[in-house]
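Only one structure is covered here, and it is reproduced in the block below.
Heavy atoms only: backbone and side chains are in, while hydrogens, waters and symmetry mates are out. Numbering of ligands and ligand atoms starts at 1, following listing order.
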Amino acid sequence: MKIFYSPTHTKHHPPFEILDGGERSHSYEVPERVENILPLLKQQTWAEILEPVQFSLAPILAVHDEGYLEFLKTAFDLWTAGENNDEHVALIPATFPPGGMRRIPRSVLGKAGYYMMDLSAPIGAETYQAALQSANCALSGAAALVSGERSSFALCRPPGHHAGKTNCGGYCYLNNSSIAAHWLSRHSKVAILDIDYHAGNGTQEIFYERDDVLTISIHADPAEEYPYFAGYSDEVGKDRGEGTHLNIPLPFGTRDVSYVEALQQALAKVESFDPGFLVVSAGMDIYQDDPLGKFKITRAGIHQIGSEIAELQLPTLVVMEGGYDLESIAENFIALIENFNTPL
Ligand code: SP5
Ligand code: ZN
């Protein structure tokens with residue numbers, strides 16, 4: 001299995017995030033999340049670890065707004081204006097537009113409020129470079145499928161599924177899975193299955209009005225959990241896209257058996273859509289020991305999830321999203337992806 005990894009991700013190391021109640025916490029989204037997976041992957045005889053191909057910006061701009069991309073690229077330098085001091089660790093806004101207000105201010109702080117959905121996606125000096133390489137990992141995984149591979153794995157960091165056309169948030173800047181899925185959609189219909197603990201609001205938005213990319217997300221009920229404003233079961237797509245989005249919200253405490261029931265419902269929908277490719281937005285924050293997740297999925301459950309998805313017998317790109325328990329993240333990802341390791 002071709003696995004795409006770029007060391008550039010280590011340049012993105014958010015120094016803090018603001019949690020519920022305004023608590024300034026260490027970031028859960030740390031370089032160790034990927035660095036801990038690499039050694040175990042290298043021990044697998046089937047794993048071939050490669051640096052990503054350098055794509056142009058075109059496949060990213062096909063998904064994200066040009067003004068947003070320009071903001072990501074320039075925000076840190078504009079904010080610091082060349083002065084590197086302790087106050088300029090990473091940019092987050094203090095002002096957000098109230099519902100419906102969509103002016104784009106000239107000020108970089110104003111723009112930060114416009115382009116960020118929360119306080120969990122600070123922009124540091126090399127965040128943009130890391131996000132680009134993360135997207136290149138996903139695109140390289142997509143290209144491997146077009147070349148005839150049965151599966152590929154993109155070790156994406158920063159993650160992507162909370163990033164929308166014009167927003168970062170929830171540790172995400174560029175929507176890696178969506179960029180790869182759109183790129184694949186030139187060849188055939190594509191399905192994205194999002195199994196991260198959190199609803200994939202960015203992916204939902206990007207494809208909401210399209211009927212050539214099916215998007216499904218299984219996640220903690222957004223009525224009670226981040227990202228709160230998307231991921232509800234009555235959100236089914238719009239216009240041409242009506243019927244090609246499916247949200248399956250599940251309660252806190254969900255265990256293997258009921259998770260797999262929900263997964264089977266999702267897989268039936270994928271089968272009837274009959275895509276040429278499958279992209280899995282994979283977050284191991286569904287695991288029972290995850291510090292941000294409230295599901296109770298076991299290692300055996302994760303293996304079963306992988307095995308059920310693999311039974312679709314579709315060319316499959318697995319894209320890393322969340323997962324914050326540094327002790328278990330490597331074994332969990334291997335339990336998931338080893339199912340995709342045998343030819344179709
Ligand atoms: C990619 C991804 O998984 N992003 C998730 C972002 C979640 N951010 C909200 C975190 C709220 C945490 N509240 C519980 C604190 C535990 N001590
Ligand atoms: Zn998540």
Results of salt bridge (Lys or Arg N to Asp or Glu O under 4.0 Å) for Asp65 - residues two or more places apart only: none

Could you list the residues that satisfy salt bridge (Lys or Arg N to Asp or Glu O under 4.0 Å) with Glu331, not counting sequence neighbours?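 Result, salt bridge (Lys or Arg N to Asp or Glu O under 4.0 Å) vs Glu331: Arg299.
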
Ligand 1 polar-atom proximity to protein (N/O, under 3.5 Å):
{"residue": "ligand 1", "atom": "3 (O)", "partner": "His198", "partner atom": "ND1", "Å": "3.2"}
{"residue": "ligand 1", "atom": "3 (O)", "partner": "Asp285", "partner atom": "OD2", "Å": "3.1"}
{"residue": "ligand 1", "atom": "3 (O)", "partner": "Tyr324", "partner atom": "OH", "Å": "2.5"}
{"residue": "ligand 1", "atom": "4 (N)", "partner": "His162", "partner atom": "NE2", "Å": "3.3"}
{"residue": "ligand 1", "atom": "4 (N)", "partner": "Gly170", "partner atom": "O", "Å": "3.0"}
{"residue": "ligand 1", "atom": "4 (N)", "partner": "Tyr324", "partner atom": "OH", "Å": "3.3"}
{"residue": "ligand 1", "atom": "13 (N)", "partner": "Asp20", "partner atom": "OD2", "Å": "2.8"}

Quick check on the Zn ion (ligand 2): does His198 put an N/O/S atom closer than 2.8 Å to it?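 Short answer: yes, at least one N, O or S atom is under the cut-off.
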
Looking only at N, O or S atoms in Asp285, which is nearest to the Zn ion (ligand 2)?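 Within Asp285, restricted to N, O or S, the Zn ion (ligand 2) is closest to atom OD2.
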
Asp196: its N/O/S atom lying closest to the Zn ion (ligand 2) (atom name):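 When I compare the N, O and S atoms of Asp196, OD1 is nearest to the Zn ion (ligand 2).
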
Aromatic ring proximity Tyr128/His12, centre distance under 6.0 Å: no

Taking the six-membered ring for Trp, are His64 and Tyr68 parallel (under 30°), tilted (30 to 60°) or perpendicular (over 60°)? tilted

Side-chain polar contacts of residues 96-109 - donor-acceptor pairs under 3.5 angstrom, sequence neighbours left out - could you list them?
{"residue": "Ser107", "atom": "OG", "partner": "Leu109", "partner atom": "N", "Å": "3.1"}
{"residue": "Ser107", "atom": "OG", "partner": "Gly110", "partner atom": "N", "Å": "3.0"}

Does any non-hydrogen side-chain atom of Tyr173 lie less than 4.5 Å from one of Ser134? no

Pairing of Arg157 and Glu29 as salt bridge, 4.0 angstrom limit: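 Looking at Arg157 and Glu29, the cut-off is met.
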
